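Written out below as structure tokens is the structure these notes cover.
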Amino acid sequence: MKAIRALLAHNLDNAQSGLVSRSDVDNETYLFRAACSELSTEVRKNRRVADEQLRQQRTHLQHEVDILTQRLNQDLLTLTDSVRGMFNDRKMAVREEQKAVESRIQQINYKISVMLNSDSKSEIEEVRWVLIRRSVLGILFMAVLTLGTLRYATFVNSKRKREMEQRQKEQEEMRRSNGMKDHSPAPEAAQILAAS
């Protein structure tokens, strides 16, 4: 019993030494809550500062975007005006070129009409006969070329027909001789065929 009492006393002393008083707990709780409140206040303050910085940056960026948009619109207007001016200049130049070409054509037509009126009709007839001769020669050349092509085509077709007939005859001979090929010359083969 004495040993048990000694153990209980010893354990009781250990427990009392390890226990924290209520006032200490209240002090720690108060300090913790104060630290949390201070931390929350600082976080809110930092958040407000960050939000304000973001607003300022956004306002600055929006201002820069507006300035760039205005510049871009002005540049586009200037470019449009310059392109229109260049287009109008080009139109005027093309019109002047067309007028110059038309005047040259009229001059050439006038010269041709004067030359034709001044030349004799015999030269015109001579040119016409030369053209007729050349066209007749061209027609004859085309006719000869067409006939030659037709003759060549008929020759090729007849040659193919002969080759086909020769192959058919050789195949018939192969069938008749039961697959044995006749090595005799062509006249002898013709005699054999005539005899059979």
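Every heavy atom of this structure was used, including side-chain atoms; hydrogens, water molecules and symmetry mates were not. Just so it is clear, the model here is predicted, and its values are computed rather than measured.
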Out of curiosity, does Leu140 fall in the hydrophobic cluster containing Trp129 (side-chain heavy atoms, cut-off under 4.5 Å, transitive links)?
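Per the 4.5 Å side-chain linkage, Trp129 and Leu140 are co-clustered.
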Rounded to the nearest 0.5 Å, what separation is found between the [atom1] atom of [X] and the [atom2] atom of [Y]?
X	Y	atom1	atom2	answer
Leu61	Asp66	CG	CG	11.0 Å
Leu131	Arg128	CG	CZ	10.0 Å
Phe87	Met92	CZ	CE	13.0 Å
Thr146	Leu150	OG1	CG	6.5 Å
Ile67	Gln70	CD1	CD	7.0 Å
Asp75	Thr80	CG	OG1	10.5 Å

Do the side chains of [Y] and [X] get nearer than 4.5 Å, heavy atoms only?
X	Y	value
Arg58	Leu54	no
Thr59	His63	no
Arg90	Met86	no

Using a cut-off of 6.0 Å, state whether more than 12 heavy atoms not belonging to Glu163 lie near its atom CD.
yes
Among Val136, Val130, Ile132, Leu137, which residue meets the side chain to side chain contact (heavy atoms under 4.5 Å, CB included) test with Arg134?
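So the option named by the test is Val130.
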Looking at residues at least two apart in the chain, or sitting in another chain, which of them share a side chain to side chain donor-acceptor pair (under 3.5 Å) with Arg55?
Glu52
Glu64 vs His60, test: side-chain hydrogen bond (donor to acceptor under 3.5 Å, both in side chains). Steps then yes/no.
CA-CA 6 Å; Glu64 288 183 354; His60 183 66; 2.7 Å; yes
Is the backbone N or O of Arg33 less than 3.5 Å from a side-chain atom of Ser37, with the two atoms forming a donor-acceptor pair by type?
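Between the backbone of Arg33 and the side chain of Ser37 there is no qualifying donor-acceptor contact (under 3.5 Å).
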